[in-house]
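Quick one: this structure, given as structure tokens, is what I'll be asking you about.
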Amino acid sequence: MTVVVSCYALSRLAEQKSTWWKDAVVYQIFVSSFKDTNGDGYGDLRGVIEKLEYMIDLGINIVWLSPIFDSPMYDMGYDTADYYRINPIFGDMEDFDNLLEQAHQRGLRIILDIALNHTSSEHVWFKRSVKAAKGGDEYFKDFYIWGDPIVDEDRNRRPPSNWESVFEGCMWEWVPEIQKYYLHVFGRAQPDVNWENPNLRNELWKVLRFWLDKGVDGFRLDAINCMSKVRNQDLCAQRPGKPTVSGWPDAPISTPNRFEQKANEMFANGPRIHEYLKEMHQQVFARYDALSLGEMSCGITPELGQDFIARDPNEQQLDLILHFEHVELDCVDGDKWVLRDWELPELKAAVSKWQTCMAEAGGWDTIWIENHDQPRGASRFCKDAERGQLNAAKLLAIWLFTLQGTVIIFQGQELGMTNPEEFSEEMIRDIETRIYWDVAHADLALGGGDHKLEMAKKAITSKGRDASRIPIPWNSNHETSGGFTDNSAKPWLPIHPHFATLCAEAQRRNPASVWTFYRDMIRLRRQHPGLIYGTYQLVDEHHPSVFAYTRIHGGNFYLIVLNFGREYVEWEVPQAHGRGWVPIKLTSDYEPLGLEVTKLRLGPYDGVICKRESCKAANGDSESDIV
Ligand code: GLC
Ligand code: CA
């Protein structure tokens, strides 16, 4: 009897306090590609309004809108020209207010994607900052990060530091008219704002409050761990780098024979980052019932992640963070274009580490695999999954909806969208991909050889950001590009070649479709709080193709077994995990539900969720052994 009590008590300890974003399912909309209502080939806010019912049917709770602020669209809106104005491509403030109202009427929350690390070089702050350097307008002078050149004895000028920008080339851009460089972590038209300046920070808090006062439910904060940059004086034993006379240290040389060097340790998780984010929490988020979801694509570890989501009220910074280890397994040294083969145990280790670390810190994980920067999941996580392989998409759905954390899906993921397989130049709209493609051409001109170009094409088809940004097919109508736009209008990116089978209309009619599976998984997760809140534990960490884990919550035990491989596999439930497992959901329904499971035979990309309700081990082992 006592043993049973301790088993329940243990599970209860792990129980998390429920808040609205914890058990929610987030749906990311890349507005340009979602639904066009005025026939200009770009999706718009009215298109989002039109599809609110679609999201309700799917079971979504939170809609994340990719940036909708005024922008020259150099980086698809991640370059803001005016934080207080809606991008005219997407509509106007009235459209936005309508959208918010209609979403809220349906119980849907809206979070906005906002880049606060940088603006567009078209932003009036930037223009005034340049002007300030010539005299006047003091207030804006230090709104951006300006650096003086380093001049050698021969009067040669070089940038203040050797940092390489995320997209390409030097992170410092020269402005001849004021003889200064500005810093840009991302593209050259995206100057970083200077968070060291309290006036700038106050302007940003005002922006956030403006939208929260309107009623938005939170923000996805772009590149939020890049705000604090390392200076000479910040170098210490834990930070590499070499001081320079400019005040900005050089990053260590990782690629010899060139000036620009990878500089993540210089611009990500910098010395003042926690101070800034605590201030943002106190000045903004603490005053609203709003979600802060921080994107940390540049160098984040689970240990660092714990500090950002600390729940101590004095230390509070962010509710959730987006981390990237699981989607960087196929990169060599973090370079997305250099592809690497990876093994399933690596994925299991990465996912398990984050699951455990976030829970240990009293925080909450985010569960996702696709977004506007990442290729589609099925071909990536299920090796050799052929196009349209239904099971692979369903397997990924089981996986996502049975991990601990807030689940975030990207538009079209619920349709099992795949990357368009063929390379075409027409597809290259993204600035990062465009730069990479131009460099590949420049290499060719220098005698790089055709094979390099072929490799670049392959890398772009499987990793380029346009692959997941193509329009959503709503129906099978050719003239309207699958219902995305009007008759004969040209979508800004080509539609998927298999749009007629992938489209929402066809899938919603089909009980065996990926769409139906997603809808059912969302429902199932809601019916079983253990799948949301249960403690996660990995099982069989070394198995090369099976990813299995348990979730334990109250008196409920779940065992999830997923075959990530394309071969049949037999997998025996380890004795230590007890007996009495009954399948409650399968990717394919060839096996009758209701039978007790001790050994599983799983086909290619088959997955199963099993459940049992007692702590009792069939072999009579003590209860505490069952984990
Ligand atoms: C984030 C966005 C990405 C953008 C970059 C610069 O990583 O997700 O799309 O290019 O930040 O803002
Ligand atoms: Ca439009």
Side-chain angles (χ1 to χ4, degrees), residues 28-51 64-69 71-81 86-92 95 112-121 123 165-168 171 184-193 219-227 264 267-268 293-300 321-324 327-328 334 336 368 370-375 408 410 429-436 463-469 471-472 480-481 483-486 489-493:
Q28 183 193 350
I29 294 186
F30 197 69
V31 182
S32 309
S33 313
F34 195 59
K35 167 76 192 167
D36 174 24
T37 58
N38 63 349
D40 65 356
Y42 283 88
D44 41 53
L45 294 179
R46 290 184 183 195
V48 178
I49 297 177
E50 217 174 87
K51 297 294 175 190
W64 147 13
L65 293 178
S66 58
I68 53 167
F69 313 108
S71 161
M73 299 290 267
Y74 163 87
D75 185 18
M76 294 309 292
Y78 289 94
D79 48 322
T80 318
I86 299 288
N87 189 336
I89 298 179
F90 300 139
D92 57 21
D95 293 327
L112 299 183
D113 199 333
I114 195 163
L116 302 176
N117 174 69
H118 46 268
T119 66
S120 158
S121 47
H123 197 292
S165 88
V166 171
F167 288 166
E168 177 250 344
M171 206 181 272
H184 59 91
V185 165
F186 295 92
R188 97 168 28 107
Q190 293 163 294
D192 281 38
V193 290
F219 291 93
R220 182 262 191 194
L221 300 149
D222 188 67
I224 197 71
N225 60 334
C226 298
M227 300 357 192
N264 271 18
F267 68 81
L293 165 63
E295 189 227 18
M296 305 203 168
S297 58
C298 303
I300 184 81
I321 60 174
L322 294 164
H323 51 84
F324 289 75
V327 290
E328 282 172 358
K336 70 181 265 177
W368 66 276
E370 292 183 4
N371 66 30
H372 64 294
D373 295 329
Q374 302 290 332
I408 306 172
F410 181 59
R429 295 293 299 264
D430 160 38
I431 182 67
E432 184 193 38
T433 314
R434 165 67 48 205
I435 291 172
Y436 172 67
K463 294 297 284 292
R465 301 200 294 184
D466 292 305
S468 63
R469 296 179 178 185
I472 293 299
T480 59
S481 298
F484 168 69
T485 181
D486 273 357
K490 192 168 184 262
W492 75 283
L493 269 178

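In listed order, ligands and their atoms are each counted from 1. One is the number of the first residue; the rest follow in order along the sequence.
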Got a sec: is Asn38 within less than 3.0 Å of the Ca ion (ligand 2) via an N/O/S atom?
yes
In Asp36, the N, O or S atom nearest to the Ca ion (ligand 2) is which?
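When I compare the N, O and S atoms of Asp36, OD1 is nearest to the Ca ion (ligand 2).
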Note: Arg46-Asp36 ion pair, threshold 4.0 Å (strictly below):
no
Asp40: its N/O/S atom lying closest to the Ca ion (ligand 2) (atom name)
OD1
Quick one: does ligand 1 sit under 4.0 Å from the side chain of Arg220, the backbone, both or neither, non-hydrogen atoms only?
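Looking at Arg220 and ligand 1, just side chain atoms fall under 4.0 Å.
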How are the rings of His372 and Phe410 set to each other: parallel, tilted or perpendicular (split at 30° and 60°)?
tilted
For atom 4 (C) of ligand 1, the protein heavy atom that lies nearest, with its residue and separation:
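Residue, atom and distance for the closest contact: Asp75 OD2, 3.3 Å.
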Counting each atom of ligand 1 from 1 as listed, which ones have a heavy atom of Arg465 under 4.0 Å away?
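So the atoms of ligand 1 that pass are 3 (C), 4 (C), 9 (O), 10 (O).
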When you look for heavy atoms under 4.0 Å from ligand 1, do you find them on the side chain of Tyr74, its backbone, both, or neither?
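Contact part for Tyr74 vs ligand 1: neither.
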Considering residues, nucleotides and ligands other than Arg434, do more than 12 of their heavy atoms fall under 6.0 Å from its CZ?
yes
Show the atoms of ligand 1 that are less than 4.0 angstrom away from any heavy atom in Phe167.
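What qualifies from ligand 1 is 10 (O).
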Would you call Trp368 and Gln28 a side-chain contact if the rule is heavy atoms closer than 4.5 Å?
no
Does only the side chain of Glu295 get under 4.0 Å from ligand 1, or the backbone, or both, or neither? Count heavy atoms.
side chain
Of all the heavy atoms in Glu432, does at least one lie under 4.0 Å from an atom in ligand 1?
no
Return yes if a side-chain donor-acceptor contact under 3.5 Å exists between Asp113 and Ser66, otherwise no.
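Checked: Asp113/Ser66 side chains show no N/O donor-acceptor pair below 3.5 Å.
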Of all protein heavy atoms, the one nearest atom 8 (O) of ligand 1 is Asp373 OD2, 2.5 Å
Phe90 side chain near Asp95 side chain, heavy-atom distance below 4.5 Å
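Counting from C-beta outward, Phe90 and Asp95 never come under 4.5 Å.
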Provide the closest heavy-atom pair for Asp92 versus Leu45 in the form atom of the first, atom of the second, distance.
O-CD1, 4.3 Å
Below 3.0 Å, can you find an N, O or S atom of Thr37 next to the Ca ion (ligand 2)?
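Thr37 does not place any N, O or S atom closer than 3.0 Å to the Ca ion (ligand 2).
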So which of the N, O or S atoms of Asp44 lies nearest the Ca ion (ligand 2)?
OD2
Quick one: does His118 get a heavy atom under 4.0 Å from ligand 1?
yes
Region of His372 that comes within reach of ligand 1 [heavy atoms, distance under 4.0 Å]
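The part of His372 near ligand 1 is the side chain, not the backbone.
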